[in-house]
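These values consider heavy atoms only, across backbone and side chains, with no hydrogens, waters or symmetry-generated copies. Naming convention: chains lettered A, B, ... in sequence-line order (proteins, then strands); numbering from 1 in each chain.
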There are 2 protein chains.
Amino acid sequence: MRPKYTTIKDIAKALDISVATVSRALRDTHDVSPETRDKVLAVAAALNYKPNFNATGLVHQSTHHLGVLIPTITNYYFSTVITGMQEVAHQHGFNLVLYLTNDSPEREQRIVQNLVRTSLDGLLACVSSRAAEYNHFQELLDESMPLVFFDRVPDDTIKTSKVVQDDYEGAFKAVEHLIQSGYTKIAHITGPKGLQLTENRAQGYLDALRKYNLPVRSDWLIYSGFSQQEGEMDAEKLLESRDRPDAVFAVNDRKAVGAILVLKRKGIRVGKEIGVMGFTNDPISEIVSPTLSTVAEPAYELGRASCQLLLNQLKKNTFVQEQVVLRSQLVARASTQRI
Amino acid sequence: MRPKYTTIKDIAKALDISVATVSRALRDTHDVSPETRDKVLAVAAALNYKPNFNATGLVHQSTHHLGVLIPTITNYYFSTVITGMQEVAHQHGFNLVLYLTNDSPEREQRIVQNLVRTSLDGLLACVSSRAAEYNHFQELLDESMPLVFFDRVPDDTIKTSKVVQDDYEGAFKAVEHLIQSGYTKIAHITGPKGLQLTENRAQGYLDALRKYNLPVRSDWLIYSGFSQQEGEMDAEKLLESRDRPDAVFAVNDRKAVGAILVLKRKGIRVGKEIGVMGFTNDPISEIVSPTLSTVAEPAYELGRASCQLLLNQLKKNTFVQEQVVLRSQLVARASTQRI
DNA sequence: AAAAGTTGCGAGAACGTTCTCGTACATGCT
DNA sequence: AGCATGTACGAGAACGTTCTCGCAACTTTT
């Protein structure tokens, strides 16, 4: 059986004063004399007093918990984002509560609908990749739950704040790098249709091709999922196409790694014959052979910014729709070297 | 401003009955007629009622939150463990609250000491690798906080439940595999001294060597950290030693990958000249070239088991010290092939 | 028909905290 | 001296639940 922890009442009893005074003293309000305040603090320390979050939460309609809704944490990008969030949350006395959707829209919906509103002050959310609709998030907003989306954000029907990286510019720079490295027949293997992130990167890809008057072929733009396995499948499909591309730009490093593995398996020299470019700058990009050129995403910073934005909204207590875009950076490695 | 959510009182008012009856109806207690219960449930659903965790927590001295204290989540093993925990917790209506120590003993200590006891029903903990003492955990136990350690567990001075993998057997099998693959001069690069996990694997390594009458050399057993970078440093040290080993068994895959990178950089053929063996079965072990032989850890299962153990303790409400050991499995790949 | 048991429900306290109001006393001003 | 103002504190309600009693209204037993 858990013992009772020391409460404000115990302190009051010990000093023979009222609980109200103790409460004031602990929160350092003006309406208390320095002497009593010091006495209270001394006794509180002696009795190892810790405030009861359930009680404070009850009266303030608030906990110190922020929810993080995310498809999975078993990859570099997402776990780094969370680490950034944790850093900011922790600094401000907030805790992070984890909700994993396993990238399943149904599970995401179930979790959001069953969210106990009163146990969360706000939510940081990254939608699942095959999301069809966002009503469950709209419900949350209708109940005035502070909500910030990050990375995979829903379309503009949901009026709320978002934090993303410059997916369009990142993709544009990536393709430009491929072009400047001498590749001319550039394919793009990406995630599911309908996701802003995917569409923005695809648009950057297309616009870069057009700027340099390079061929745009519909069978060189493949939508599927985000996994390494799907990267392998997409790469195989590209190799079968009649007009084989000489470079592949993948929506993320895992798909790029999948492509590299397929090329190596077929005896195609990565870089020399077919260039490969990723997106993320997962540590794996330095380990895979050849090392993978990629676009470094500011994962940690994105986590920090998302959390900071949410906390700001909580502070102000008024709803403002903000959008933060963080810059990515090109990292050239061996997989895009022709010689 | 957040609006007020529907409470039990609203339901009571709507049906003109007492809050006590509503409370009973919602929890399906015997002392309520089927008709009123159905009416209450109907109204509750209509008003989208969600219980207030702060209130229930206050009266029950419990939240539905479990803490997870862990050095970092940006690696395959830890993030998979958490995914397993999340699965079990979620099934039982519990939430996971994340605490990252960044593998810093000071930060770990600060977090544990400042843990608001009343906002957590129990704690799952993995100690930081350079931990010197465990008093802060003892304090937690003294206050009857249910506590389960996993993976990196403290020594036996702390009387509490633990969940680990069979580190000794796993290491023994790994070294046995190296020996059976034809390697005879086997080194071990491992984590910091004093950690049970490290010592158990080191002991498995030593016992395997002794069983097969192979040389045991003190400069072939290097203690350092768990990172890839430290793996590289350790490998370089081994290559400089007068009697160069012909195989390296690393305490985890990241260090093994570090070793492989060093060997490749020096033009040494991994497998043929020097065999490399890891521990974890990180997905990277299939991507690195050559692919890495390793010992597959039951990360997901370990997460599940730890959480289950903690929940069991909460249920019974009595303290029992249990220890769960999960089996690991050998995975042979290219990095231990001599031909 | 009276006694005993059962069933369904309500009143009110409790959990630990904050907040509003009230009050006793001291101090400042005319 | 008389009044306003300020200071330090206490009493008690409130937050949303659960839990312990108690009490009617039935039902069963004798």
Side-chain angles (χ1 to χ4, degrees), chain A residues 1-41 43-44 47-65 93 116-121 143, chain B residues 1-41 43-44 47-65 93 116-121 143:
Chain A
M1 200 54 213
R2 305 275 293 272
K4 282 202 295 294
Y5 298 109
T6 53
T7 73
I8 222 174
K9 288 183 186 175
D10 300 326
I11 304 179
K13 215 170 289 169
L15 289 170
D16 199 29
I17 56 178
S18 77
V19 288
T21 308
V22 177
S23 172
R24 278 187 291 248
L26 288 173
R27 278 168 304 129
D28 203 17
T29 321
H30 49 287
D31 255 18
V32 63
S33 72
E35 303 89 58
T36 35
R37 198 199 52 207
D38 291 348
K39 274 193 284 185
V40 167
L41 292 183
V43 174
L47 297 180
N48 192 24
Y49 168 78
K50 304 261 168 60
N52 186 317
F53 272 18
N54 286 320
T56 58
L58 232 201
V59 8
H60 283 142
Q61 308 281 34
S62 90
T63 59
H64 272 197
H65 292 296
V116 178
R117 271 65 168 162
T118 48
S119 77
L120 240 42
D121 289 355
E143 299 182 44
Chain B
M1 200 55 213
R2 304 274 294 273
K4 282 204 294 293
Y5 298 109
T6 53
T7 73
I8 223 173
K9 288 183 185 176
D10 301 326
I11 303 179
K13 215 169 289 171
L15 290 169
D16 199 28
I17 56 178
S18 76
V19 289
T21 307
V22 176
S23 172
R24 277 187 290 248
L26 289 173
R27 279 169 303 128
D28 204 18
T29 321
H30 49 289
D31 255 17
V32 63
S33 74
E35 301 90 60
T36 35
R37 198 199 52 208
D38 290 348
K39 273 193 284 184
V40 167
L41 292 183
V43 174
L47 297 181
N48 193 24
Y49 168 77
K50 303 262 168 59
N52 186 316
F53 272 17
N54 285 320
T56 57
L58 233 201
V59 11
H60 282 141
Q61 307 281 33
S62 90
T63 61
H64 271 197
H65 293 296
V116 178
R117 270 64 169 164
T118 48
S119 77
L120 240 43
D121 289 356
E143 298 182 45

- prompt: Do the non-hydrogen side-chain atoms of B:Thr63 and A:Phe53 ever get within less than 4.5 Å of each other?
  reply: no
message: Distance check needed: D:dG10 P versus A:Ile11 CD1, whole Å only.
response: 14 Å
statement: By side-chain hydrogen bond (donor to acceptor under 3.5 Å, both in side chains), A:Thr56 pairs with (sequence neighbours left out) none
Under 3.5 Å between N/O atoms: give me all the protein pairs with nucleotides 6-9 of chain C, atom names plus distance.
residue	atom	partner	partner atom	Å
C:dC9	OP1	B:Thr36	OG1	3.4
C:dC9	OP2	B:Ser33	N	2.9
C:dC9	OP2	B:Ser33	OG	3.4
C:dC9	OP2	B:Thr36	OG1	2.9
C:dC9	N4	B:Asp31	OD2	3.1

task: Taking side-chain hydrogen bond (donor to acceptor under 3.5 Å, both in side chains) as the test, write out the residues that go with A:Thr21, two or more places apart.
output: A:Ser18
Residues forming a ring pair (Phe, Tyr, Trp, His ring centres under 6.0 Å) with A:His60, sequence neighbours excluded: none
message: By the salt bridge (Lys or Arg N to Asp or Glu O under 4.0 Å) test, which pairs, at least two apart or in different chains, include something from residues 7-21 of chain A?
response: none
query: What closest approach, in Å, do B:Val43 and B:Ala14 show between heavy atoms, and which atom pair accounts for it?
result: CG1-CB, 4.3 Å
- request: Please identify each residue that fulfils side-chain contact (heavy atoms from CB on, under 4.5 Å) with B:Asn48, with sequence neighbours left out.
  value: A:Glu143, B:Lys50
- line: Residue set satisfying side-chain hydrogen bond (donor to acceptor under 3.5 Å, both in side chains) with B:Thr6, at least two apart, ordered chain then number -> none
Contact list (N/O, under 3.5 angstrom) for nucleotides 13-17 of chain C vs protein:
residue	atom	partner	partner atom	Å
C:dT17	OP1	A:Tyr49	OH	2.6
C:dT17	OP1	A:Asn52	N	3.3
C:dT17	OP2	A:Ile8	N	2.6

- request: Return the angle between end axes of the helix from C:dA1-D:dT30 to C:dT30-D:dA1, with five pairs used per end and rounding to 10°.
  value: 50°
field: side-chain hydrogen bond (donor to acceptor under 3.5 Å, both in side chains) partners for A:Arg24, two or more places apart
entry: none
task: With side-chain contact (heavy atoms from CB on, under 4.5 Å) as the test, would you mind laying out the steps for B:Leu15 and B:Val40 before giving the verdict?
output: CA-CA 8 Å; B:Leu15 290 169; B:Val40 167; 3.8 Å; yes
